[in-house]
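There's a structure below that I have some questions on.
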Protein chains: 2
Amino acid sequence: MTPADITINDVARAAGVSKGLVSLALNGKPGVALDTRERILAAARELGFTPNPSARGLTTRRAYALGLILRRAARTIEVDPFFAAFIAGVETVLSERGQVLVLTVVPDHEAEARAYERLAADKRVDGFLLTDLLADDHRIALVQRFGSQAVSLGEPVGGSPFPVITRDYDAGIDELVAHLLGLGHRRIAHVSGDERMLHGLRRRERFEQAMRAAGLNPVIVPTDFSPEQGAEATKTLLDSAEPPTAIVYGNDPMAIAGMGVAHERGLRLPHDLSITGLDGSQIGTYIYPTLTTLDNDPAGWGIAAATALLRLVEHGEPADVALPPARLVVRASTAPPSRH
Amino acid sequence: MTPADITINDVARAAGVSKGLVSLALNGKPGVALDTRERILAAARELGFTPNPSARGLTTRRAYALGLILRRAARTIEVDPFFAAFIAGVETVLSERGQVLVLTVVPDHEAEARAYERLAADKRVDGFLLTDLLADDHRIALVQRFGSQAVSLGEPVGGSPFPVITRDYDAGIDELVAHLLGLGHRRIAHVSGDERMLHGLRRRERFEQAMRAAGLNPVIVPTDFSPEQGAEATKTLLDSAEPPTAIVYGNDPMAIAGMGVAHERGLRLPHDLSITGLDGSQIGTYIYPTLTTLDNDPAGWGIAAATALLRLVEHGEPADVALPPARLVVRASTAPPSRH
DNA sequence: TTGAAAGCGTTACCAC
DNA sequence: GTGGTAACGCTTTCAA
């Protein structure tokens with residue numbers, strides 16, 4: 001007889017009370033005499049009883065689960081260092097509250113919409129974690145239409161009825177550009193990520209602004225965040241009439257691919273070309289040269305997002321949270337330019 | 001009124017039948033007149049009805065969900081390129097059958113055991129996908145004790161009552177070693193992964209065997225699969241009295257970290273040192289030099305594992321599956337040695 | 001403070 | 001072939 005087989009009735013019988021009382025006691029609700037409550041709790045512990053969430057959800061209309069739907073082209077499926085740590089952060093919050101994460105990976109927008117609908121219609125989850133937010137993200141409306149809840153990583157331009165988790169990247173970008181300018185760079189390019197994505201766009205804009213403020217002309221090559229396009233963009237830049245002496249990549253995987261291209265052409269890094277990533281990643285510490293980047297603490301995002309969403313779901317209290325600003329991590333991939 | 005709010009009663013009313021009949025019709029069971037069945041199906045489609053899995057599971061004792069529990073030290077959380085694609089493969093199978101993946105990430109063995117117990121006791125999942133199999137994996141017994149089901153990626157030494165998914169790596173290792181020998185390497189080292197893990201151990205043993213068969217002395221440095229230890233191992237090897245001219249790493253992230261160390265010491269790759277990964281990864285195509293490795297098709301693992309587990313859960317039919325052997329992918333990180 | 005009973009949305013069993 | 005009803009495990013309401 002595994003713990004899975006013991007029900008509220010067994011506890012009630014063991015404690016010599018009705019199952020209604022057991023429910024009250026276990027959920028910490030008032031109206032149970034102190035000694036009965038203790039007797040019930042003892043019996044439950046003894047038997048190793050844990051309430052069946054499905055049965056529970058049937059009356060409480062909760063799933064005791066949160067949903068994360070990742071849209072990823074099969075081609076770029078593996079590269080994002082953000083998610084593993086993000087999910088780990090989410091988990092630390094969920095596990096201590098007996099909740100669970102339902103993860104779905106879909107290849108395109110169509111499958112994505114179906115996935116939201118299915119999880120919501122089947123009452124599989126109480127709310128969604130919205131990552132990789134697009135500038136004008138249709139998922140906000142989707143979730144509302146399906147009568148579910150959500151929290152978004154980043155602030156949708158159209159506003160959102162749901163809590164919004166943000167982290168200031170502007171200061172970090174400024175710092176990063178200042179760092180490169182301080183080293184003597186003047187021709188600095190930005191291989192931006194998918195500009196339909198909010199953080200991709202935002203970073204690009206701030207980069208341009210920072211460059212203009214320094215009286216310089218920002219060069220931008222947009223990509224889809226994949227290392228493949230990161231490599232392509234690098235070739236384009238290095239082939240141009242006035243190649244940059246420093247390149248800021250939209251994420252670390254693209255920066256690594258960019259390094260590959262530079263090495264291949266016999267450039268010595270960082271002297272012939274300074275390179276930075278964005279968002280930080282573990283592997284960036286172990287490549288050569290070690291990668292200058294902006295730290296992003298994915299686990300922190302996960303903790304904040306799960307906490308905010310649970311709070312909304314359980315108490316109807318939407319509360320935005322602003323995470324500490326991204327910090328510049330200077331490593332060995334940036335140095336004064338050797339040519340001008 | 002979202003699809004989530006319409007129940008089997010609404011369908012029954014719309015079709016003018018009892019809900020019992022609706023259940024039979026929707027589940028394709030016999031005992032429903034053809035025209036009534038069609039009327040019911042039409043009504044269900046019209047209303048956008050999807051059965052509530054929680055309510056369903058209450059009587060069928062199924063969760064319509066599979067569980068994946070990842071044990072990962074916070075430190076090595078992000079690096080494994082295997083999982084994203086593996087999960088995507090799992091999803092392709094689950095989504096078309098209305099099932100869902102519950103993902104949990106835990107930091108250590110203790111939390112891991114608790115996670116299995118919780119998911120099983122709460123009837124959150126119908127079975128588990130067992131990855132990163134240890135040589136003598138306690139999870140097999142855990143799952144049995146909790147009365148749940150599982151499928152394992154790799155064959156436990158003690159045998160298993162559950163289906164086993166395997167892929168022949170031996171031939172690939174042989175091929176890889178032969179490739180290096182053919183290039184003229186004689187001092188070949190292996191930076192192995194965690195040898196408590198079945199695939200880590202197995203690869204190491206086969207490597208040794210292949211080297212001995214060629215009359216050579218295999219050098220092994222074991223690690224935990226993290227790029228950090230991969231870098232450390234590389235330093236150890238390069239500092240030794242007779243440094244290797246080629247290193248086979250247990251996975252691609254370690255190989256990349258190893259390249260970092262080599263670059264840092266001014267070695268020209270691949271001429272001064274040949275490097276290979278194992279398991280394949282996308283980023284390996286974009287680093288410099290591009291990484292020779294063994295292809296592992298993580299999505300294929302995911303599809304096979306989910307299919308086998310669902311089959312076991314639904315029909316009680318355990319069926320092992322042997323995936324096609326790993327293929328050697330020769331890229332630019334291996335070349336004849338420049339010194340002897 | 002407690003027990004009994006209704007109800008959540010489904011499946012399964014029995015009559016008819 | 002079909003409808004009614006019990007049962008799944010829980011929460012919640014209502015009486016006592």
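Lettering of chains follows the sequences in order, A, B, ..., and the numbering in each one begins at 1.
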Find every protein N or O atom lying less than 3.5 Å from an N or O atom of nucleotides 2-5 of chain C, and list the pairs.
| residue | atom | partner | partner atom | Å |
| --- | --- | --- | --- | --- |
| C/dT2 | OP1 | A/T36 | OG1 | 3.0 |
| C/dT2 | OP2 | A/A33 | N | 2.9 |
| C/dT2 | OP2 | A/T36 | OG1 | 2.8 |
| C/dG3 | OP2 | A/S18 | N | 3.0 |

Requested in this report: Apply side-chain contact (heavy atoms from CB on, under 4.5 Å) to B/P324 and list each qualifying residue two or more places apart in sequence or on a separate chain.
Outcome: B/R167

Query raised in the report: So does B/N27 get a side-chain nitrogen or oxygen closer than 4.0 Å to the phosphate oxygens (OP1/OP2) of C/dT11?
Result: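 It does, given that an N or O in the side chain of B/N27 lies less than 4.0 Å from OP1 or OP2 of C/dT11.
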
Report task. Sequence neighbours left out, what passes side-chain contact (heavy atoms from CB on, under 4.5 Å) with B/E46? Give chain and number order. Result -> none

Query - Distance, rounded to the nearest Å, where A/N9 contributes CG and D/dA6 contributes P - result: 17 Å

Requested in this report: Determine whether more than 12 heavy atoms belonging to other residues, nucleotides or ligands lie under 6.0 Å from atom CZ of A/R196.
Outcome: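 No, because the 6.0 Å sphere around CZ of A/R196 holds 12 heavy atoms or fewer from other groups.
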
Report task. Check the distance between D/dG1's P and B/I40's CD1 and give it to me in whole angstrom. Result ->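 Taking atom P of D/dG1 as the reference, CD1 of B/I40 is at 13 Å.
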
Requested in this report: Taking only heavy atoms on the protein side, list every residue of residues 51-62 of chain A lying under 4.0 Å from any atom of DNA chain C, sorted numerically.
Outcome: A/L58, A/T59, A/R61

**Report entry** For DNA chain C, the residues among residues 310-317 of chain A that have a non-hydrogen atom under 4.0 Å from it
**Finding:** none

Query raised in the report: Is it true that A/D132 and A/R72 have a side-chain N and a carboxylate O under 4.0 angstrom from each other?
Result: yes

Query raised in the report: To the nearest 0.5 Å, what is the distance between CD (B/Q144) and OG (B/S160)?
Result: 7.0 Å

Query raised in the report: Tell me, which pairs form a ring-ring contact (aromatic ring centres under 6.0 Å, His included) where one or both residues lie in residues 19-42 of chain A, sequence neighbours left out?
Result: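 For residues 19-42 of chain A: none.
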
Requested in this report: Answer with base, sugar-phosphate or nothing: what part of the nucleic acid does B/K123 contact at a heavy-atom distance below 4.0 Å?
Outcome: nothing

Query raised in the report: Between B/F49 (CZ) and C/dG9 (P), how many Å, whole number?
Result: 10 Å

Report task. Grab the two heavy atoms, one from B/A135 and one from B/L198, that are nearest each other, plus how far apart they are. Result -> CA-CD1, 3.4 Å

Query - Test side-chain contact (heavy atoms from CB on, under 4.5 Å) applied to A/A305 - qualifying residues, sequence neighbours left out - result: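 Listed in chain order: A/F86, A/L129, A/V151, A/L153, A/I165.
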
Query raised in the report: Taking five pairs at each end of the helix from C/dT1-D/dA16 to C/dC16-D/dG1, what angle separates the two helix axes (nearest 10°)?
Result: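 Rounded value for the end-axis angle: 50°.
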
Query raised in the report: Going by the side-chain hydrogen bond (donor to acceptor under 3.5 Å, both in side chains) test, which pairs reach into residues 85-97 of chain B, not counting sequence neighbours?
Result: B/R97-B/E314

Query raised in the report: Distance check: side-chain N/O of B/T7 vs OP1/OP2 of C/dG9, anything under 4.0 Å?
Result: no

Query - Contacts of B/E110 that satisfy salt bridge (charged side-chain N to carboxylate O under 4.0 Å, His left out) - sequence neighbours left out - result: B/R114

Query raised in the report: Judged by modelled atom types alone, do B/R56 and B/N27 share a side-chain donor-acceptor pair under 3.5 Å?
Result: yes

**Report entry** Any residue meeting salt bridge (charged side-chain N to carboxylate O under 4.0 Å, His left out) with B/D137, in chain and number order, not counting sequence neighbours
**Finding:** B/R139

Requested in this report: Find the distance B/R13:CZ to D/dG4:P and express it as a whole number of Å.
Outcome: 13 Å

Requested in this report: First locate atom CG of B/L24, then atom CZ of B/R37, and finally report the distance between them rounded to the nearest 0.5 Å.
Outcome: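 The distance works out to 8.0 Å.
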
Query raised in the report: Rounded to the nearest Å, what distance is computed from the CG atom of residue A/L47 to the P atom of nucleotide D/dG9?
Result: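 Rounded to the whole Å, the gap is 15 Å.
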
Report task. Could you pull out all residues at least two apart from A/L142 that satisfy side-chain contact (heavy atoms from CB on, under 4.5 Å)? Result ->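 side-chain contact (heavy atoms from CB on, under 4.5 Å) list for A/L142, sorted by chain: A/A113, A/Y116, A/H138, A/R145, A/F146.
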
Requested in this report: Would you mind reading off the distance between B/K29 atom NZ and C/dT10 atom P, rounded to a whole angstrom?
Outcome: 15 Å

